Undergrad: 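Below: one structure in structure tokens.
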There are 2 protein chains.
Amino acid sequence: MFAIDLKSRKSISEQIVDQIKELIVTGVMEPGEKMPSVRDLAGELTVNPNTVQKAYRLLEQQGFLYTAQGRGTFAADPEEIAASREDVSRAKAMLRDGLDQLYYLGVSRKETEKMIDELITEREDWT
Amino acid sequence: MFAIDLKSRKSISEQIVDQIKELIVTGVMEPGEKMPSVRDLAGELTVNPNTVQKAYRLLEQQGFLYTAQGRGTFAADPEEIAASREDVSRAKAMLRDGLDQLYYLGVSRKETEKMIDELITEREDWT
DNA sequence: TTGATTGTACTATGTATCATAGTACACTGT
DNA sequence: ACAGTGTACTATGATACATAGTACAATCAA
């Protein structure tokens, strides 16, 4: 399904969250499609089931997944995932931090703008 | 000198690092100007001296400060602070993470670009 | 109905990071 | 000599994370 980078500064559960978000947003996971079980995905990633469960719980809280006792966990419809004001401002804070660092390092405004343009263009499908 | 936000997700030492970088880059601290001693700044911020020392050590490693045994710690010349490739790519990774989050949340590309433009424009002096 | 599968909820353990507390030592300038 | 400075320790507590193991309830297929 995907891979975990143990050397990443992101926690494992956070990496799982992000990768699954990617799969859902890009439509690789169809809305309503069944996710692997907590135990299966944990086995595939050689990771603890509790860690996967944590990721699933977070994704459900954010509306990317929904679960049914005894049946499984399913991908939600990306159209219906409402971005909360909190989530957006958290993301904005991450951008601000990154820009701060570049500013402190003396990277020029022009270079920074170019860098961001590259990052955005990496996602050709971003409308 | 500045303030610490205990509720921030950033660690205290990281906040000190960032705030001092800001003071140096903006020229509020003149090159060669003496920084408050570890103990003084710790007292002012009601923070442990070890925490301030950690921040000073990091800032020295990154070239923002230089120290002289028994004399004190001093602000470096911003002109001479060389941005390492590592530092820049770390900052770039922060930007990528923030953009990822916005993408996952379904924020449009246009809105994202507007948001970034605002963030950059907040720093009027950024050349 | 039985059994396998699934989500869920615990407790316990180990590790890492961070901040604090306290002590000590070496260097510098007055 | 003395006060102020950076620096280096050890120890403690708090928190977050991942792992290990167990248990239970709901669901579905045989």
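Model, not experiment: these values are computed from the prediction. Residue numbers begin at 1 in each chain, while the letters A, B, ... track the order of the sequences.
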Undergrad: So, OP1 or OP2 of C/dT6: does either fall under 4.0 Å of a side-chain N or O from A/Thr73?
TA: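 Answer no for this pair, as no side-chain N or O of A/Thr73 is under 4.0 Å from OP1 or OP2.
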
Undergrad: Considering only C/dC18, D/dC17, D/dT19, which nucleotide approaches the side chain of B/Ser11 most closely?
TA: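 The answer is C/dC18, which lies nearest to the side chain.
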
Undergrad: Is A/Leu119 reachable from B/Leu119 through a run of I, L, V, M, F, W or Y residues, each pair having side-chain heavy atoms under 4.5 Å apart?
TA: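 Yes, B/Leu119 connects to A/Leu119 through the hydrophobic network.
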
Undergrad: Starting from C1' on D/dC24, measure out to CD on A/Gln69 and report it in whole angstrom.
TA: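 One finds 9 Å between C1' of D/dC24 and CD of A/Gln69, rounded.
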
Undergrad: State, yes or no, whether a side-chain contact exists between A/Gln101 and B/Asp18 at a heavy-atom distance under 4.5 Å.
TA: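 Contact flag for A/Gln101/B/Asp18 side chains = yes.
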
Undergrad: Can you tell me which nucleotide in C/dA21, D/dA18, D/dG6 comes closest to the side chain of B/Arg39?
TA: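 The listed nucleotide nearest to B/Arg39's side chain is D/dG6.
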
Undergrad: Rounded to whole angstroms, how far apart are CE on B/Met35 and C1' on D/dG6?
TA: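 After rounding, the gap between these two atoms is 14 Å.
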
Undergrad: How many Å lie between CG on A/Asn50 and C1' on D/dA20, as a whole number?
TA: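 Those two atoms, CG and C1', are 8 Å apart.
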
Undergrad: Measure from NZ on A/Lys7 to P on C/dA16 and round the result to the nearest Å.
TA: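 These atoms are roughly 17 Å apart.
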
Undergrad: Nearest to the side chain of A/Arg71 - D/dG6, D/dC28, D/dT5?
TA: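 Taking heavy atoms from C-beta onward, the closest nucleotide is D/dC28.
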
Undergrad: Below 30° counts as parallel, above 60° as perpendicular, anything between as tilted: where do the rings of B/Phe74 and B/Tyr66 land?
TA: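 Judged by the thresholds at 30° and 60°, the geometry between B/Phe74 and B/Tyr66 is parallel.
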
Undergrad: Can you measure B/Leu65 atom CG to D/dT7 atom C1' for me and round it to whole angstrom units?
TA: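 Distance check: B/Leu65 CG to D/dT7 C1' gives 15 Å.
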
Undergrad: Select one nucleotide: of C/dA19, C/dT6, D/dG6, the one nearest the side-chain heavy atoms of B/Ser37.
TA: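 Taking heavy atoms from C-beta onward, the closest nucleotide is D/dG6.
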
Undergrad: Ignoring the backbone of B/Ile12, work out which of C/dA19, C/dC10, D/dA18 is nearest its side chain.
TA: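 Among C/dA19, C/dC10, D/dA18, the one nearest the side chain of B/Ile12 is C/dA19.
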
Undergrad: D/dC17 phosphate, OP1 or OP2: any side-chain N/O from A/Ser13 under 4.0 angstrom?
TA: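 False: A/Ser13 side-chain N/O out of range (4.0 Å or more) of D/dC17 OP1/OP2.
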
Undergrad: If I take atom CG in residue B/Leu6 and atom P in nucleotide D/dT15, what distance separates them, rounded to the nearest angstrom?
TA: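 Spelled out: CG on B/Leu6 to P on D/dT15 is 13 Å.
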
Undergrad: Taking the side chain as everything from C-beta on, heavy atoms only, tell me whether A/Leu23 gets closer than 4.5 Å to A/Met1.
TA: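 Answer yes - side chains close enough.
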
Undergrad: Whole angstroms only, please: what is the CD-P distance between A/Gln53 and D/dG21?
TA: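 Roughly 17 Å, once rounded to whole Å.
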
Undergrad: Between B/Lys34 and A/Lys10, which is nearer to the 5' end of DNA chain D once each is assigned its nearest nucleotide?
TA: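 Per heavy-atom nearest nucleotide, the more 5' residue is B/Lys34.
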
Undergrad: Identify, between A/Gly70 and A/Pro49, the residue whose nearest nucleotide on DNA chain D lies closer to the 5' end.
TA: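 Checking each residue's closest nucleotide, the 5'-ward one belongs to A/Pro49.
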
Undergrad: Using whole Å, what does the distance between atom P of nucleotide C/dG7 and atom CD of A/Gln61 come to?
TA: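 Taking CD of A/Gln61 and P of C/dG7, I get 16 Å after rounding.
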
Undergrad: Considering only side-chain heavy atoms of A/Asp40, which listed nucleotide, C/dG7, C/dT6, C/dT8, is closest?
TA: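 Between C/dG7, C/dT6, C/dT8, the one nearest the side chain of A/Asp40 would be C/dT6.
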
Undergrad: Using a cut-off of strictly less than 4.0 Å, decide whether B/Thr51 has a side-chain nitrogen or oxygen near OP1 or OP2 of C/dA19.
TA: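 Looking at the OP1 and OP2 atoms of C/dA19, neither is under 4.0 Å from any side-chain N or O of B/Thr51.
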
Undergrad: Using a distance-only test with no angle check, is there a side-chain donor-acceptor pair under 3.5 angstrom linking B/Asp87 and B/Ser84?
TA: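 There is such a pair between these side chains.
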
